Visitor: 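Below are the structure tokens for one structure; questions will follow.
Below, all heavy atoms of this structure are taken into account, side chains as well, without hydrogens, waters or symmetry copies. It should be emphasised that the depicted structure is a prediction, and the values quoted were computed from it without experimental measurement.
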Amino acid sequence: LAPNENEIAKLTQAIVALLHQQLSSDVPAMEDHFHVGAILYRRGDETTALLAAADQALATAEGKGPNGWHATVEGEAPVARSTDAWRNLLTTAITEKRLKLAFFPVRTAAGQTLHQESVIRLQTTQEGSWLVAGDFIPMATRLKLSSTLDFEVIRLALDTLQSAPGDIAVHLSTDSIADWGFHKRLSALLNQQPDLCKRLWIEVSEYGVLRQPEAFREIAHTLKAMRCRVGIEHAGHRLSDLAQLADLGLDYLKVDSSLVRAVDQNMGNQALLKGLCKMAHTLGITMIAEGVQTEAELALLPQLGFDATTGPAVSK
């Protein structure tokens, strides 16, 4: 509770900085100390809705990696549901197949589409609105439904590949790669349509990979044997740890948008990314920049060695 504090994103960042400074000093061997969720309270807000919104903000922070935080800002309406309501919504939507994929292009400097990134959408009721992934994935993770959703994403991607040209990339959660039952179901599904596997790109976040390195290694070997392409997204923050995965024969890395943001004005990040691209290319890894927002960023990235880009500047 922070009375008279209206700039909650700024306040949350300050809390995170103080926590990180203290905990990294007290427990230097541990990197993942906490997650912080914050919401804006207005007089008259119902307690039940307020706590549900706070829980949603915390679940969102948990999905952002080590020491992640999320603040619901003024004008942003959180999807405030109780845990039981979320469980019912998600399980019913999965059972009734009220899921679909939206696609965003990943393009080379020459303008060719490398693949389409897929993101899941969920319909609240048969005639209801569609929620974007950020609205429900954090709670799906909290309720241990990630692997069920990921399986549906793969199934929808294969259905799309059957009827449309090009390649599709899908994301797997940390819980899925650590779920051996999911490995078995996924292998069975892919073995039914082996000709489509070479057009399927499967990626896991850097955070997830480094939390479950052996599980990722296992599923990567399985997917590579089926001719799927395997990559790591949101990469670039723990490069020394990623080096231990060099023997996997990774096909691509998607570099986190935080390293790409305003790179045309940041000489330090330019040198970092140029070195990263050079190292990756020696291993035969395709380099993709995430979250490209401006034409200036878009123009510079190929000069640093990036093979392709994605983000608002690419999609428009």
Side-chain angles (χ1 to χ4, degrees), residues 12 16 31-39 51-72 76 78-95 97-102 117-124 130-157 169-186 202-216 218-219 231-235 237-238 254 256-257 290:
T12 307
V16 166
E31 295 182 357
D32 194 354
H33 293 107
F34 58 81
H35 296 97
V36 179
I39 60 168
L51 293 176
D55 194 40
Q56 173 75 1
L58 182 58
T60 301
E62 290 168 359
K64 292 185 176 182
N67 310 321
W69 63 274
H70 179 78
T72 302
E76 179 185 349
V79 184
R81 292 183 174 89
S82 69
T83 300
D84 286 341
W86 271 116
R87 182 179 289 106
N88 181 65
L89 171 62
L90 292 166
T91 54
T92 303
I94 292 168
T95 302
K97 307 296 185 186
R98 289 188 274 107
L99 304 168
K100 68 178 181 179
L101 297 181
E117 286 186 325
S118 64
V119 291
I120 192 170
R121 301 281 189 261
L122 180 146
Q123 193 175 29
T124 53
W130 289 87
L131 299 180
V132 298
D135 287 339
F136 64 90
I137 290 296
M139 292 308 298
T141 302
R142 175 81 62 80
L143 295 168
K144 304 299 181 184
L145 291 170
S146 296
S147 60
T148 304
L149 278 174
D150 283 351
F151 186 81
E152 290 302 310
V153 168
I154 297 286
R155 186 183 61 77
L156 289 168
V170 298
H171 164 81
L172 294 185
S173 68
T174 308
D175 287 350
S176 291
I177 64 171
D179 182 344
W180 300 109
F182 174 81
H183 287 211
K184 187 174 180 179
R185 296 195 306 275
L186 178 60
I202 297 181
E203 57 202 44
V204 180
S205 72
E206 181 181 78
Y207 179 51
V209 167
L210 296 176
R211 279 181 62 196
Q212 296 287 349
E214 292 309 313
F216 176 72
E218 181 73 22
I219 200 169
I232 297 175
E233 64 175 348
H234 311 326
H237 296 289
R238 295 176 62 181
K254 289 183 174 176
D256 191 71
S257 60
E290 294 179 332

Visitor: Using modelled atom types and a 3.5 Å cut-off, is there a donor and acceptor pairing between side-chain atoms of Thr92 and backbone atoms of Leu89?
Guide: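 Answer holds: no.
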Visitor: So do the side chains of Thr91 and Leu143 get within less than 4.5 Å of each other, counting heavy atoms only?
Guide: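 No; the side chains remain at least 4.5 Å from each other.
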Visitor: Looking at CG of Leu99 and CD1 of Ile94, how far apart are the two atoms once the value is rounded to the nearest 0.5 Å?
Guide: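 Interatomic distance, Leu99 CG to Ile94 CD1, rounded to 0.5 Å: 6.5 Å.
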Visitor: Locate the shortest heavy-atom distance separating His35 from Ala61; write the atom from each residue and the value.
Guide: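 In this case the closest contact between His35 and Ala61 is CD2-O, 3.3 Å.
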Visitor: Which residue in the set Glu203, Lys254, Glu233 passes side chain to side chain donor-acceptor pair (under 3.5 Å) when paired with His171?
Guide: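 One option only clears the test, and that one is Glu233.
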Visitor: Check whether Tyr207 forms a cation-pi arrangement with Arg211 (NZ or CZ under 6.0 Å from the six-membered ring centre, at most 45° off the ring normal).
Guide: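 Yes, a cation-pi geometry.
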Visitor: Give the minimum heavy-atom separation between Val170 and Ser118, together with the two atoms involved.
Guide: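 Smallest heavy-atom distance, with atoms named: CG1-OG, 3.2 Å.
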Visitor: Does any part of the side chain of Ser147, heavy atoms only, come nearer than 4.5 Å to the side chain of Arg185, both counted from C-beta?
Guide: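 Yes - at least one pair of side-chain heavy atoms lies under 4.5 Å apart.
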Visitor: Of all the heavy-atom pairs spanning Trp130 and Arg98, show the shortest one and how long it is.
Guide: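 Nearest pair, atom of Trp130 first, then Arg98: CZ3-O, 3.7 Å.
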Visitor: Which of these passes side chain to side chain contact (heavy atoms under 4.5 Å, CB included) with Phe216: Val204, Leu210, Leu172?
Guide: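 Testing Phe216 for a side chain to side chain contact (heavy atoms under 4.5 Å, CB included) against Val204, Leu210, Leu172 leaves exactly one candidate, Val204.
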Visitor: Minimum heavy-atom separation for Trp86 and Phe136, please, with both atom names.
Guide: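 Looking at all heavy atoms of both residues, the shortest contact is CZ3-CB, 3.6 Å.
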Visitor: To the nearest 0.5 Å, what is the distance between CG on Leu90 and CG on Leu149?
Guide: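 Those atoms lie 6.5 Å apart.
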Visitor: Is there a side-chain contact (heavy atoms from CB on, under 4.5 Å) between Leu186 and Ile219? Walk through the geometry before answering.
Guide: CA-CA 10 Å; Leu186 178 60; Ile219 200 169; 4.1 Å; yes
Visitor: What are the two closest non-hydrogen atoms of Leu131 and Thr124, and how far apart are they?
Guide: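 So the minimum-distance heavy-atom pair works out to CG-CG2, 3.7 Å.
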Visitor: To the nearest 0.5 Å, how far apart are CG in Asp55 and OG1 in Thr83?
Guide: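 Asp55 CG to Thr83 OG1: 5.0 Å, rounded to 0.5 Å.
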Visitor: Please assess Asp175 against Phe182 for the test side-chain contact (heavy atoms from CB on, under 4.5 Å), listing each intermediate value before the final yes or no.
Guide: CA-CA 9 Å; Asp175 287 350; Phe182 174 81; over 6 Å; no
Visitor: One pair to check against side-chain contact (heavy atoms from CB on, under 4.5 Å): Ile120 and Ile137. What are the steps and the verdict?
Guide: CA-CA 9 Å; Ile120 192 170; Ile137 290 296; 4.2 Å; yes
Visitor: Between His234 and Glu206, what is the shortest heavy-atom contact and its length?
Guide: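 Looking at all heavy atoms of both residues, the shortest contact is O-CB, 3.6 Å.
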Visitor: Is a donor on one side and an acceptor on the other found under 3.5 Å between the side chain of His183 and the backbone of Ile177?
Guide: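 Yes.
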Visitor: When Ser146 is tested against each of Thr141, Thr174, Asp179 for side chain to side chain donor-acceptor pair (under 3.5 Å), which residue passes?
Guide: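 Running side chain to side chain donor-acceptor pair (under 3.5 Å) over Thr141, Thr174, Asp179 with Ser146 returns exactly one hit, Thr141.
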Visitor: Going through the distances and angles, do Met139 and Leu145 end up as a side-chain contact (heavy atoms from CB on, under 4.5 Å)?
Guide: CA-CA 9 Å; Met139 292 308 298; Leu145 291 170; over 6 Å; no
Visitor: Measure the CD1-CG distance between Ile232 and Asp256 for me, rounded to the nearest 0.5 Å.
Guide: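 Reported to 0.5 Å precision, the distance equals 13.0 Å.
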